[in-house]
Amino acid sequence: METQILHHPNETSPKTERISGGEAVVRCLLAEGVDTLYGYPGGAIMPVYDELYKYQNEIHHVLTRHEQGATHAAQGYARISGKVGVAMATSGPGATNLITGIADAQIDSTPLVCITGQVGSQLLGSDAFQETDIVGISTPVTKWNHQITKASEIPEVIAKAFYIAKSGRPGPVLVDITKDAQFEEFEFQYKKCTGIRSYTPVPKTELSEVEKAAEIINASKKPMVVWGQGVILGQAENELKAVIEKAGIPAAWTILGASAIPSSHPLNVGMVGMHGNYAPNKLTNECDVLIAIGMRFDDRVTGNLESYAKQAKVIHFEIDPAEVNKNVKADLAVLGDSKESLAMLLPLLQEKVHTDWHQEFKDLYQIEYESIISRDLHPTKEGLTMGEVMKEINSQTEGKAAIVSDVGQHQMIACRYADFRQTRSNITSGGLGTMGFALPAAIGAKMAAPEREVVAVIGDGGYQMTIQELGTIFQTRVPVKIVVLNNNFLGMVRQWQQLFFDKRYASTEMTNPNFVQIAQGYSIEAKQVNKREDLASSVAEMIAHDGPYFLEVCVEKEDNVFPMIPTGASVSDIRLS
């Protein structure tokens with residue numbers, strides 16, 4: 001059955017105006033409040049670009065150097081702002097180049113609307129030049145997609161696309177528009193979508209389930225919270241903070257949940273997961289109640305499911321019913337929006353302290369500090385460590401920067417050691433683990449939040465996957481700060497090869513170009529650091545510079561990231577070395 005779009009009952013029908021489908025696309029974007037658009041033109045989307053030319057004072061189109069860069073930039077824009085990111089491309093290879101970013105947005109719940117051009121409707125299915133079934137290709141990695149063959153469909157479909165992308169658990173939507181539909185004229189009117197029959201983006205939170213949760217938490221001796229990005233997406237940061245403070249509950253975070261509560265908060269006990277902190281990982285298997293809030297029990301968080309929190313009662317606060325009992329069986333599920341459900345929970349909680357339980361976290365933290373953290377942040381060996389670079393970035397930005405990290409060892413170090421003081425400060429590729437994410441995502445983040453310092457922290461491998469986006473920085477002069485931690489290796493893969501494959505470094509050592517010269521070729525101020533005595537002044541120079549800046553830091557070639565939970569092991573088996 002075809003879904004039916006619902007509109008606000010008091011909404012009056014606007015007057016119609018005869019325009020082309022291409023102009024209708026632009027007018028729809030304006031109606032949805034879009035001010036920035038990332039894309040790459042081509043034949044099948046040219047009618048829309050021709051109309052976009054007329055509205056260039058109202059919508060800032062950013063010409064990325066690759067369509068994948070457009071989706072990642074749109075992700076960065078969405079992640080730091082909470083708004084829907086928009087990307088646009090032509091048919092065929094232009095459309096397929098969007099797929100990696102769309103897949104990344106799908107698993108990380110990032111609201112995107114991607115618009116692609118398509119060959120004329122009369123050519124569909126004929127293997128015409130640059131024809132690709134992008135609807136079929138993108139179906140597994142979109143929240144919803146649709147192909148438009150008539151101009152009259154454009155307003156309703158785009159309204160629906162924005163509503164689906166940002167409602168409930170957010171995600172990417174793709175709208176494919178044939179070229180003849182872009183040329184065709186029709187009587188245009190636009191109404192925002194406020195609901196779709198058969199689609200319930202936010203399940204109703206049942207008070208009875210919240211009351212049961214409060215009863216279990218109040219009776220607990222060793223409660224523990226693990227929160228994820230659902231807290232940030234639901235704007236429930238204050239509610240989470242109030243809940244853990246009243247009930248005295250130690251709270252840990254997943255990578256995408258980082259920054260919802262400041263790093264320095266006394267109840268913030270660190271990151272869970274494969275390279276997370278020692279205490280929250282170990283004590284996951286010792287708590288008596290595990291309260292999961294807006295997280296999906298990803299395998300990198302749980303390790304071996306057969307031995308994950310078996311002793312604990314599990315309470316799962318979640319907006320997406322499909323995530324409940326998918327990996328970890330919940331004793332109690334509280335469905336709904338995290339902001340609403342936590343607000344309902346707060347008055348039902350008893351004030352607690354749990355002094356002895358907190359001491360267990362402190363004792364294990366001290367073990368981790370002495371064996372790992374002190375070595376990472378205050379090294380005695382000659383070579384620079386990734387940890388001390390992050391420490392210097394924290395110092396120079398006073399913890400106010402948004403950190404956009406790529407994927408690999410540097411990502412784990414950035415998440416572990418960044419000093420997050422405000423929400424939406426950690427932008428990274430979580431579920432898909434997309435190398436090449438950070439550089440274009442930092443561009444989008446800085447454009448969405450120009451008042452914030454945005455620092456991209458990237459490895460030498462991932463940097464070269466989207467290095468062409470330096471051209472986007474060159475053209476737009478967006479003042480992002482780029483830090484490449486260069487160890488001349490695909491560091492995370494090399495670490496695994498060292499630990500589990502007898503140091504057989506198969507295809508992981510990299511012969512890198514002169515990164516400083518490349519940046520300078522794009523008229524970006526650039527510098528290389530390889531001595532500890534030069535690090536602080538170089539980071540300070542980067543932060544103070546009025547414009548984009550590239551800083552290459554040559555770090556230890558064979559430094560490893562610990563703690564570490566080996567694949568398939570229990571969280572209790574987390575290794576310190």
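Enclosure of atom CZ in F515 by more than 12 non-hydrogen atoms of other residues, nucleotides or ligands within 6.0 angstrom is indicated.
In this structure, E32 contributes its side chain and C28 its backbone to no donor-acceptor pair below 3.5 Å. Not a single donor-acceptor pair under 3.5 Å links the side chain of N426 to the backbone N or O of A258. A donor-acceptor pair is defined here as one N or O able to donate and one able to accept, closer than 3.5 Å; such a pair exists between the side chain of T64 and the backbone of H66. Remark: the backbone N or O of Q468 is not paired with any side-chain donor or acceptor of R65 at under 3.5 angstrom.
A side-chain N or O of Q497 and one of T508 form a donor-acceptor pair less than 3.5 Å apart. T397 and E453 share no donor-acceptor pair across their side chains, judged by distance under 3.5 Å alone. Checked by atom type, the side-chain pair Q464/N512 shows a donor-acceptor distance below 3.5 Å. Checking E469 against T472 by side-chain atom types alone, a donor-acceptor pair falls below 3.5 Å. Side-chain contact annotation: T116 with D176, donor-acceptor N/O pair under 3.5 Å present. Residues Y417 and K391 bring no donor and acceptor atom of their side chains to less than 3.5 Å of each other. Using modelled atom types and a 3.5 Å distance limit, the side chains of D180 and T178 yield a donor-acceptor pair.
Side-chain contact check for W496 versus V493: every heavy-atom pair is 4.5 Å or farther apart. For the pair I158 and R27, the minimum side-chain heavy-atom distance is 4.5 Å or more. Looking at L124 and E131, their side chains come closer than 4.5 Å, going by heavy atoms from C-beta outward. With contacts defined as side-chain heavy-atom distances shorter than 4.5 Å, the pair V25/E51 does not qualify.
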Any chance you could lay out the side chain to side chain donor-acceptor pair (under 3.5 Å) test for D104 and S429, step after step, and finish with the verdict? CA-CA 7 Å; D104 193 285; S429 172; 2.5 Å; yes

Given E323 and R169, is the side chain to side chain contact (heavy atoms under 4.5 Å, CB included) satisfied, shown in steps? CA-CA 11 Å; E323 293 295 347; R169 179 180 180 178; 2.7 Å; yes

Evaluation steps, ring pair (Phe, Tyr, Trp, His ring centres under 6.0 Å), between F550 and Y522: CA-CA 11 Å; F550 172 83; Y522 287 99; over 10 Å; no

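In this structure, OG in S138 is found 5.0 Å from CD1 in I99, a value given to the nearest 0.5 Å.
Considering all non-hydrogen atoms of both residues, N487 and D460 come closest at OD1-OD1, 3.2 Å.
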